[in-house]
Each structure stands twice: as structure tokens, then as C-alpha cells.
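All remarks here apply to the structure that follows.
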Amino acid sequence: MSSCAHCFRGVSHSGTPVGQLVKIGGFDTYVSKPEGNFPKDKAVLFLADVFGIQMNNSKLLADDFARNGFQVYAPDYLYGDPVPDGALNSPTFDGPAWFARHTQKRTRPVLDAVVKALKEQGVTSLAAVGYCFGGRYVFDLAFDNVIQVAATSHPSQLKVPDDLQKLLAVSRSPLLINTSEIDQQYPIVFQLKGDEILGGGKYKPGYQKIFWPGTTHGFAVRGDLSKPEVKAAKEGAFKATVEFFRLHFYGETRSRL
């Protein structure tokens, strides 16, 4: 697997997570649920970046989705071995060695186990949101039609155009991609290829790409909130994902944000 400089850069966000770490399908999973009534048969899989569910940023985002009416399950598909917070912005962290330990062959079974367990608990429909490294798995789950709705921000590890063409051929999941201006993993040339292959009504389930100028890979989960344009983009990408889920997952046609 390849990586990029921005895969390990960003800012830790402050806040107090309100979810719980529980075992789902035998694996640690951060679970955050809305207050009050919510559809018990629908759930969102939150697929974290390389810093995993251990990083505060991911837990806070999962909680934000829960506050907007979704029950959220964030599996530790990195087996308790994320990139440590201390490696954030480190020029010496051995990225290639980390990726070699976290292949799709090793990590995907965790997601399959969690999905199986959720279905046994009565969940019948799944959406997935993935950031960076997690975006790869959003595509994989969409290929297999395990999920009904797919969303990702600045995905990594994609094979372009192969993955886009495969999605077009086999998936039934509407897709939202929030993209950044500077991104070695999903650069503008890939973004334009995605528009070419999936846009203009070609991808029948539905395709939306939102480009956030002035941002770099990772902005939607590790963006520097002290910078107004980055903060606005992070919040905008989150809002767009919530509205995409409400439309395609809950069938709502009016924004509540």
C-alpha cells in the first residue's frame, strides 16, 4: 500500500467523547447512539483513518453523526495498532512498515464480523463513511453491496480508474466523495476521472463529488480548526455527509441542518 505525506499530518481535536467501547462480533467497536428514538434497523459504519478509533478526532466525529440521528459503529479494524497520536506530523514514522501490517486481507475480516453481528442484532440496512484509509473500505463494501449508502472524504489506496469502473459495474450504493485540493492519494486528476466515469447520471444509484478548495488530504478529520477556511470545509463536508445519508439512507428530502 502507498501513503502520502499528508496521511500522517494534521491536528488533534479537543472534546470529550460520549460513546462507549464495546465488543461487536468479537472486536472492539466504538459505539455512539442518538438520544431518543431512532431507527434501530439502520446503522452507520464509521471507518477511521490510520489513527484509528483511538484518536479523539474519530470518536468526536462518530458522536456528531449520532447527534444527527444515526446509530454509529466504528470498528477497530486496525487491531489496536493504529498510527500512534505521537506520530502525528512526525517526519520519521515508518509509514510503509505500518501499511504492510494492515493489508486488506488482514483488516477486512473485522468489518465482516461486525456486519454479521449487527445483522444478528436486527440491523438490516447499513451506510458507511470512511476517512482516508477508511475510504478504501467504503469502496470495498460498496462493491459487495454490503452497504446501502457510501460516503468518503479524501479516500486513499484507490486504484483509478479500476475501482471507479468496478463501482459503476457492480454497486448499488449511492456515493458521496468530499475531495481536497492537495491530495496525493486522490488528486484532482483522479477526481476528474471519477466525474467522467460516474458523473452525468452514468452511475445510476447516485453520485456526488464536492470539491473543497484550499484543503489538503485529511482535512475532514484532522483539519486545523484554527484556520477559518479549513474549519468551514471540515464542517461543510460533515454537513454534506449527514444530508446525503438523510436523503439516501433515511429517505428525507428536506435538510434539518
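Computed over heavy atoms, backbone and side chain alike; hydrogens, waters and symmetry mates excluded. In this chain, numbering begins with 1 at the start of the sequence shown.
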Heavy-atom closest pair, residues [X] and [Y]:
| X | Y | result |
| --- | --- | --- |
| Phe139 | Leu164 | CE2-CD2, 4.1 Å |
| Leu168 | Lys202 | CD1-O, 3.4 Å |
| Leu47 | Leu141 | CD1-CD1, 4.1 Å |
| Gln148 | Val146 | NE2-O, 3.9 Å |
| Gly15 | Leu60 | C-CD2, 3.9 Å |
| Pro155 | Gly135 | CB-CA, 4.0 Å |

Checking [Y] against [X]: is there a side-chain donor and acceptor pair closer than 3.5 Å?
| X | Y | result |
| --- | --- | --- |
| Asp81 | His102 | yes |
| Asp63 | Tyr30 | yes |
| Asp76 | Gln54 | yes |
| Gln104 | Asp140 | yes |
| Thr215 | Glu181 | no |
| Tyr186 | Ser180 | no |
| Asp195 | Tyr207 | yes |

- Residue pair Ile197, Gln165: steps toward the side chain to side chain contact (heavy atoms under 4.5 Å, CB included) verdict: CA-CA 7 Å; Ile197 294 172; Gln165 292 169 337; 3.8 Å; yes

- Has Lys23 got its NZ or CZ under 6.0 Å from the middle of the six-membered ring of Phe27, at an angle within 45 degrees of the ring axis?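 Output no; distance or angle outside limits.
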
- Is the charged tip of Arg106 near the ring of Tyr79: under 6.0 Å from the six-membered ring centre and within 45° of its axis? yes

Quick test of your reading of the model: are [X] and [Y] salt-bridged, counting only N-O distances below 4.0 Å?
| X | Y | result |
| --- | --- | --- |
| Lys239 | Glu235 | no |
| Asp163 | Lys166 | no |
| Arg246 | Glu243 | no |
| Asp112 | Lys116 | no |

Take atom [atom1] in [X]; do more than 12 heavy atoms of anything else shown fall under 6.0 Å from it?
| X | atom1 | value |
| --- | --- | --- |
| Lys159 | NZ | no |
| Lys209 | NZ | yes |
| Asn37 | CG | no |

If hydrophobic clusters are built by linking Ile, Leu, Val, Met, Phe, Trp and Tyr wherever their side-chain heavy atoms come under 4.5 Å apart, do [X] and [Y] end up in the same one?
| X | Y | answer |
| --- | --- | --- |
| Tyr203 | Ile210 | no |
| Phe245 | Phe46 | yes |
| Ile177 | Val170 | yes |
| Leu175 | Ile147 | no |
| Val230 | Ile182 | no |

Do [X] and [Y] come close enough that some side-chain heavy atom pair is under 4.5 Å?
| X | Y | result |
| --- | --- | --- |
| His13 | Leu225 | yes |
| Pro174 | Pro205 | yes |
| Thr29 | Leu21 | no |
| Phe93 | Pro84 | yes |
| Asp49 | Val83 | no |
| Val18 | Thr16 | no |
| Val50 | Pro82 | no |
| Ile24 | Gln121 | yes |

Can you measure from [atom1] ([X]) to [atom2] ([Y]) and round to the nearest 0.5 angstrom?
| X | Y | atom1 | atom2 | answer |
| --- | --- | --- | --- | --- |
| Thr179 | His217 | OG1 | NE2 | 12.0 Å |
| Ser32 | Gln20 | OG | CD | 9.5 Å |
| Leu247 | Gln208 | CG | CD | 9.0 Å |
| Ser153 | Leu61 | OG | CG | 9.0 Å |
| Gln191 | Glu196 | CD | CD | 14.0 Å |
| His6 | Asn89 | NE2 | CG | 9.5 Å |

Can you confirm if the aromatic rings of [Y] and [X] lie within a centre distance of less than 6.0 Å?
| X | Y | value |
| --- | --- | --- |
| Phe249 | Phe244 | no |
| Phe8 | Trp98 | no |
| Phe51 | Phe133 | no |

- Reference residue Tyr137; test side-chain contact (heavy atoms from CB on, under 4.5 Å); the match among Leu45, Val110, Thr152, Leu111: Leu111

- Tell me, with the steps shown, if Tyr77 and Ile53 meet side chain to side chain contact (heavy atoms under 4.5 Å, CB included). CA-CA 9 Å; Tyr77 65 115; Ile53 62 172; over 6 Å; no

